[in-house]
Amino acid sequence: MLGRGLKRKLSDYEENMAGLSSAFDSSRSLPYLLRRQLVLNMCLTKLQTYKMLVEPNLHRSVLIANTVRQIQEEMRQEGTQQPIGVCPGITPGSHSYAGMESSVISLQLPSGISQQESNCCDLGSVEDPIENSLLIVSDDDMSSAISSILKDLDFVEDISPPTCLVPAGDDQPKFPESTSLKLEDDRQDLKGAECVFGSFEISNSTSYLKDLAIDDIFEDIDTSMYDSDFCCPPLMPRPPSLAAEEPLKTFPSCNSSSASNIQICRTDLSELDHIMEILVGS
Amino acid sequence: FLGAGGGNDIQWCFSQVKGAVDDDVAEADIISTVEFNHSGELLATGDKGGRVVIFQQEQENKTQSHSRGEYNVYSTFQSHEPEFDYLKSLEIEEKINKIRWLPQKNAAQFLLSTNDKTIKLWKISERDKRPEGYNLKEEDGRYRDPTTVTTLRVPVFRPMDLMVEASPRRIFANAHTYHINSISINSDYETYLSADDLRINLWHLEITDRSFNIVDIKPANMEELTEVITAAEFHPNSCNTFVYSSSKGTIRLCDMRASALCDRHSKLFEEPEDPSNRSFFSEIISSISDVKFSHSGRYMMTRDYLSVKIWDLNMENRPVETYQVHEYLRSKLCSLYENDCIFDKFECCWNGSDRQNCNFLPSPLCSIVMTGSYNNFFRMFDRNTKRDITLEASRENNKPRTVLKPRKVCASGKRKKDEISVDSLDFNKKILHTAWHPKENIIAVATTNNLYIFQDKMN
């Protein structure tokens, strides 16, 4: 994440979330994909919060994990049915996702990048490779997030020896930590274009991401606590060095078009504000 | 059933309220369970601070024939203390999750109370006499010098002020890795079950160092976990039969005679999902928060987030009746998910089994079900008349013998006078625990930290 280290106040976050969930509840015209994205983000946020608890509630964790799995399955099916990747009803450049920007929580997962890369290559012909690469669901990312939570619960709760030596509540082992830090550095390099690339937040309604000036939007989100999180060492498919290189491969067009993307970002901001106002009912 | 008259309709009146008046709720005072004993004479509550408070109904006043006895504090004791599990660095909450009474066999009363990890059998006994006139002891307990004793006398019992003592007789510990959500006493009155998120154990009331695991749904790989146990109960008549509900909205009926480990259910009760109501939150709201057998054992009732369902044990593929508790919340699920209200665990209960409930028409013994909602509202559904009523537990209605006014929530559109709109509901005021006197039309309704007692307006 590209935050400047300023902590976002929990109350602000909660207000925004409350605004978004009432938007979800009251507005029938919110596109399905946006609503799904909102729900997914809320789920991931909750799981993340539970992960930080000494003793997360098993019942709630399971329910939320199932919701994430359900959305994941849906996205997976959409991904196989529509290789082009543009979701029905969503056109690039549409602004109705403005409300999402404050609720995006980025959680790093290095392991999913390989999948993104392979999928992206297939879509080379599509207009907007960034959008499409972000359209691809990284199943591994979500699965490993759920896995890591449930595994932690097992270790915390049960007497039987854990299969995965992840100490509950401790910082992540060094192996994935170094990986994620390296990713962070790489991302900084690419910041003009791909925005929230490489992080766990799954978005297949993604045009808003390229529309936004990332620095402005995310400046007050402190994601330092998410940086070394959500790793699952046994599931690491590749050595860290390769994984770190993925960002560069995945978005070949990013660097060259970064300037024009920023341009697009700025002009759309005012429309963005307008949409935000509508959504939060101010 | 709306209090307008008719021989069968119950007219509920405020009777009493127990608990602090302040709006500022002390965390420890939050009521976490409510249960009448088998005769209805005693009413127990457990709270988040690990305390049990037992109220006793006064003997009916012969001159005041219009009201039944009031409930007054009979005994208060600290059932569970907070503990620290050093091995796992976890604090174990002292909150009382459930209380279940044993049927009375002698002068003393027994109940089981449980927190997340440990079940305790408490004996509550009265002492209203004490021996006096010992030869070797003074009245204050000091020993006499034997050389000063010149005569002998027989000690006698003299009356004293009533003292109610609670003592822990059994402690059933270390059998649950996960959090206990239910306890249920078997109809043999010798055994009971305790259920946590993934396992159910069978105990003998006399034996504390052993329990049998009868259900275990923990997968070999925790990553594959998709379902947890949410409630369990023994059948009221068949001592080999019990049910347990899950977070996926299913109920499994198990027969302990089939095998030692009841991992294979005898019956699976599940209603197919209504595709028109499908949403991202469908699974979450289908999670069953309570299951209760009817007194006959022919039916069982389940509570999920939005509804109460009555199941016939002979029909597994769908409930025989479904009652919507607060359907107007269906369009608010995202907000309720965001603020975690969607995980609230509402309980439900049947009316008492005595036939006094219905004077004119023969009716099934269990004909009314009750459950709580938000804004300190609670709901009752009459299975015979198919009518329902919403009432409020609030100190504003605290005139005894005044019939409670029915409440109505306006889901959308123009709000009528006296209706309350969905957006004005206070989701912090939730009624999760209610209980119905086993023989009379007296109900106990717990708000966050107050206990309300309502009774039928007797003619």
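Naming convention: chains lettered A, B, ... in sequence-line order (proteins, then strands); numbering from 1 in each chain.
Heavy-atom neighbours of B:N174 CG from other residues, nucleotides or ligands within 6.0 Å: at or below the threshold of 12. Heavy-atom neighbours of B:Y86 OH from other residues, nucleotides or ligands within 6.0 Å: at or below the threshold of 12.
Heavy-atom neighbours of chain A within the stretch residues 273-283 of chain B, taken at a separation under 4.5 angstrom, comprise B:R278, B:S279, B:F280, B:F281, B:E283.
A:L38 approaches B:C334 most closely through the heavy-atom pair CD2-SG, 4.3 Å.
A distance of 11.5 Å separates CD1 in B:I229 from NE2 in A:H59, rounded to the nearest 0.5 Å. To the nearest 0.5 Å, the span separating CD on A:E55 from NZ on B:K88 amounts to 8.0 Å. Taking CG of B:D197 as the reference point, atom OG of A:S61 lies at 9.5 Å (rounded to 0.5 Å). Once rounded to the nearest 0.5 Å, the distance linking CG of B:L225 with CG of A:N66 reads 8.0 Å.
Side chain of A:K46 to backbone of B:Y337: a donor-acceptor contact under 3.5 angstrom is found.
Looking at B:S287, the atoms closer than 4.5 Å to chain A (heavy atoms on both sides) all sit in the side chain, from C-beta outward. Looking at B:D85, there are no atoms closer than 4.5 Å to chain A (heavy atoms on both sides), in backbone or side chain.
Counting heavy atoms from C-beta outward, B:L198 and A:L58 have side chains that approach closer than 4.5 Å.
In this structure, B:K248 has no salt bridge (charged side-chain N to carboxylate O under 4.0 Å, His left out) partners at least two apart in sequence or on a different chain. By the side chain to side chain donor-acceptor pair (under 3.5 Å) test, B:T114 pairs with no residue at all, sequence neighbours left out. With sequence neighbours left out, the ring pair (Phe, Tyr, Trp, His ring centres under 6.0 Å) criterion links B:Y244 to no other residue.
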Applying side chain to side chain contact (heavy atoms under 4.5 Å, CB included), run through A:R69 and B:T226 and close with a yes or a no.
-> CA-CA 10 Å; A:R69 284 193 187 111; B:T226 57; 3.4 Å; yes
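Annotation: maximal heavy-atom pairing with chain A below 4.5 Å, among B:D340, B:N339, B:T230, B:N181, occurs at B:D340.
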